[in-house]
Number of protein chains: 2
Amino acid sequence: MLSESAQPKDRPTMRDVAALAGVGIKTVSRVVNGVSTVAPELVERVRSAADKLGYRPNLTAANLRRSGGRTNTIGLLLEDIGNPFSSAVFRAVEDYARDRSVLVLAASLDENPQRERELTRKLIDRRVDGLIIMPAAQDYRYVLSEQQAGMSFVFVDRLPTPLLADAIVSDNRGGARTAVEHLLRTRRRRVAYFGDDMAIPTAAERFAGFTDALAAAGLVPDDRMVRHGLRTAEQARRAANDLLAGDPPEAIFTSQNLVTVGVVEALHERDLQHDVAIVGFDDIPFAAVLQPGITVMAQDPAAVGRKAVSRLFDRMNGDQSPPAVHTVLTRLIVRGSGELRLPE
Amino acid sequence: MLSESAQPKDRPTMRDVAALAGVGIKTVSRVVNGVSTVAPELVERVRSAADKLGYRPNLTAANLRRSGGRTNTIGLLLEDIGNPFSSAVFRAVEDYARDRSVLVLAASLDENPQRERELTRKLIDRRVDGLIIMPAAQDYRYVLSEQQAGMSFVFVDRLPTPLLADAIVSDNRGGARTAVEHLLRTRRRRVAYFGDDMAIPTAAERFAGFTDALAAAGLVPDDRMVRHGLRTAEQARRAANDLLAGDPPEAIFTSQNLVTVGVVEALHERDLQHDVAIVGFDDIPFAAVLQPGITVMAQDPAAVGRKAVSRLFDRMNGDQSPPAVHTVLTRLIVRGSGELRLPE
DNA sequence: CTGAAAGCGCTTACAG
DNA sequence: CTGAAAGCGCTTACAG
């Protein structure tokens, strides 16, 4: 009863324009598509008829018959459009796509594999020309049949298993290792780890980098100072307060930005920010405003996005080379918190 | 020469499925659309034929003939998908749309009116069901003819002129006024203003709120303490350092988050953070960790996005009421910097 | 319950 | 240079 759709007040079609201009529909088509072999006088008649009627071509109808049948649309499935990493990837993808007159249909997955399947299907049913996915699922065999049907895929931030398509990932393990090695140069030895759910592949990689660095220094992680499964800043703040209340660590490595925020808050609450060194994975806005500034291992989401979209367009244009993993390097940004001098 | 498009390996169509299942195309259509009046045995034959061929329906083709002709897609034009305000609006829009099986085509405008016109047209040519726009342009008369053709519009963050469609905006003027009135309660009188380009309507509104509050207290802005046109944190930091080097103000109001960051950095550089009170418009991460914490007037981008998308769907469902402006209230978050006590 | 015909708005392939 | 016919993949409207 409620929602009786607004009267669609049917838009003018090419037929309407043709009738008003007194030409054939094909001539209107030529003018709309900028084909140059139309008599100037007819071009003018068609133009003014189109303007008068407020005619706008229907692109989906045009693509239906058009050979190749591109929709000039790509799909982008992100972890969460609201988070800075996802939105920076989006921005890079958008810029590249816009230069090629391609639009982006985007949605968030929130680590929900089922939603990923549904959205993938919906995007395919709309015949996007290609798909960039920040994976939430674990099984990507369905990709195979879609690729055979001509769909292009690129994965971002995490590796699909098995590797059926290109993937662009940050150097999570190497970056984490470098970050912790940097931290160890303060000659601190008791290093705590605060991290996200280990079921998330990037979190597991970063934890591996953490243990790599300790091992290289002849150390092993102390289980009492390792906390996994932190998904929010508030959870991280509590966990850190908990640990700091006892015998505090000398240094802390945090595996992602929300965790870093929560742990830094706890350090400030306890006035330990000048005593306990910290390096976080992922940059955070305004990290430089704090005293001390927060040293981080920054990812480069724009580079990830650019690489992903350029691979996707290569694939859409017929590149048949075997799928490959592209690793985007991370960068240490030194701001103070990771270089605290040990008291004499 | 270069990009020979990948062989489209033409996807199976309903006709292919019908042939394999030994039924008419219309029966396949019924099964795909879940029409219940099909013999169970035929349903089964169609299903297995579809699976075998990897059939996926072509939604754009389906919508072409379908009455009403909805594409179940809306367009969203933001200032910059990469900035937190835009991406928070996006997230709210997405959640509402997804619950209704509608996807979102999004793009950034970067304050470029020409790009806004082009993208609006492209989205209309794809026959989105509605359009949410964070305006960059100044002239919205084209909206009128599109509305007559059945397109729904909602504007966000800024008002279109003339007001031809619903608009959802933050309470920029009122929020700024309340923020500055709060600041004046510290009994400081010499209040500086640091703000963005006055050509941006929200910046102008916030400056108006600033002067409103001063006027209500019997004060007038001191031109020497008013700086417009600050677009980055670095510009704001320099401008603040410049002012603070001379005879510093007693209090500062900043009109957006990047400006707040730059000014706070300058205050810390000069160790004036406990002497000069400050309130910023727009919340910033880590504002609570600083000493003192930064008091802000926070916007609610999620509420803006929710309201915008629900108005849009109402319009799409035939709501014909006159266009209205919906104001989303801002919220003062007290953290210390705006409540500094005056030295005796 | 099932399917052949016509049509959605456009383009392709072909005559003139 | 121009346009009538056929077709893109599907749905509507209609017979049976």
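Residue numbers begin at 1 in each chain, while the letters A, B, ... track the order of the sequences.
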Legend entry - Atom pair distance, as rounded to whole Å: CD1 in A:I25 and P in C:dG9: 10 Å

Legend entry - Backbone of A:Y96 reached by a side-chain donor or acceptor of A:D99 within 3.5 Å: no

Legend entry - Criterion side-chain hydrogen bond (donor to acceptor under 3.5 Å, both in side chains) on B:T71 and A:R126, from CA distance to verdict: CA-CA 9 Å; B:T71 56; A:R126 280 155 203 255; 5.8 Å; no

Inset, instruction - Would you mind classifying the nucleic acid contact of B:L59 as base, sugar-phosphate or nothing, using non-hydrogen atoms under 4.0 angstrom? - result: nothing

Legend entry - Proximal nucleotide (of D:dC10, C:dG9, C:dT11) relative to the A:L64 side chain: C:dG9

Legend entry - Base-paired stems in DNA chain D, each at least three Watson-Crick or G-U pairs under 3.5 Å: C:1-3 with D:14-16, C:5-12 with D:5-12, C:14-16 with D:1-3

Legend entry - Atom-pair distance (CZ on B:R45; P on C:dC1), nearest Å: 16 Å

Inset, instruction - Establish, yes or no, whether a centroid distance under 6.0 Å links the rings of A:F153 and A:Y140. - result: no

Inset, instruction - Taking only the side-chain heavy atoms of B:T13 (C-beta and beyond), determine which of C:dC8, D:dG9, C:dT12 contains the nearest atom. - result: D:dG9

Inset, instruction - Hey, could you give me the CG/CZ distance between B:L64 and B:R127, rounded to the nearest 0.5 Å? - result: 10.5 Å

Inset, instruction - Kindly say if A:R66 contacts the phosphate of D:dG7, meaning a side-chain N or O under 4.0 Å from OP1 or OP2. - result: no

Legend entry - B:D319 and B:S321 side chains, donor-acceptor separation under 3.5 Å: yes

Inset, instruction - Could you check A:S108 against B:R91 for side-chain hydrogen bond (donor to acceptor under 3.5 Å, both in side chains), going step by step and ending with a plain yes or no? - result: CA-CA 8 Å; A:S108 303; B:R91 192 46 153 100; 3.3 Å; yes

Legend entry - Whole angstrom value for the distance that separates C1' of D:dG9 from CZ of A:R126: 16 Å

Inset, instruction - Using only side-chain N and O atoms of A:N63, determine if any of them is under 4.0 Å from OP1 or OP2 of C:dT11. - result: no

Legend entry - Side-chain (B:Q147) to main-chain (B:L164) donor-acceptor, under 3.5 angstrom: yes

Legend entry - Phosphate OP1/OP2 of D:dC10: any B:S29 side-chain N/O under 4.0 Å: no

Inset, instruction - Let me know the distance between NZ of B:K26 and C1' of C:dA4, rounded to the nearest Å. - result: 12 Å

Inset, instruction - Round to a whole Å and report the spacing from CG of A:D16 to C1' of C:dC8. - result: 13 Å

Legend entry - Position toward the 5' end of DNA chain C (nearest nucleotide), B:R127 or B:T37: B:T37

Legend entry - B:R45/B:E41 ion pair, N-O < 4.0 Å: yes

Legend entry - D:dG3 OP1/OP2 closer than 4.0 Å to side-chain N/O of A:R30: no

Inset, instruction - Among C:dT11, D:dG9, D:dT2, find the nucleotide with the atom closest to the side chain of A:L42. - result: D:dT2

Legend entry - Donor + acceptor pair across side chains of A:N112, A:E116 (<3.5 Å): no

Legend entry - From CZ (B:R98) to CD (A:E118), nearest 0.5 Å: 9.5 Å

Legend entry - OP1 or OP2 of D:dG3 under 4.0 Å from side-chain N/O of A:T27: yes

Legend entry - Proximity to DNA chain C (any heavy atom under 4.0 Å), residues of residues 50-58 of chain A only: A:Y55, A:P57, A:N58

Inset, instruction - Starting at atom CE of B:M14, determine the distance to atom P of C:dG7, rounded to an integer number of angstrom. - result: 20 Å

Legend entry - Residue B:V38, side-chain atoms from C-beta onward, closest of D:dG9, C:dG3, C:dT2: C:dT2

Legend entry - Spacing of A:R70 atom CZ relative to C:dC10 atom C1', expressed in whole Å: 19 Å

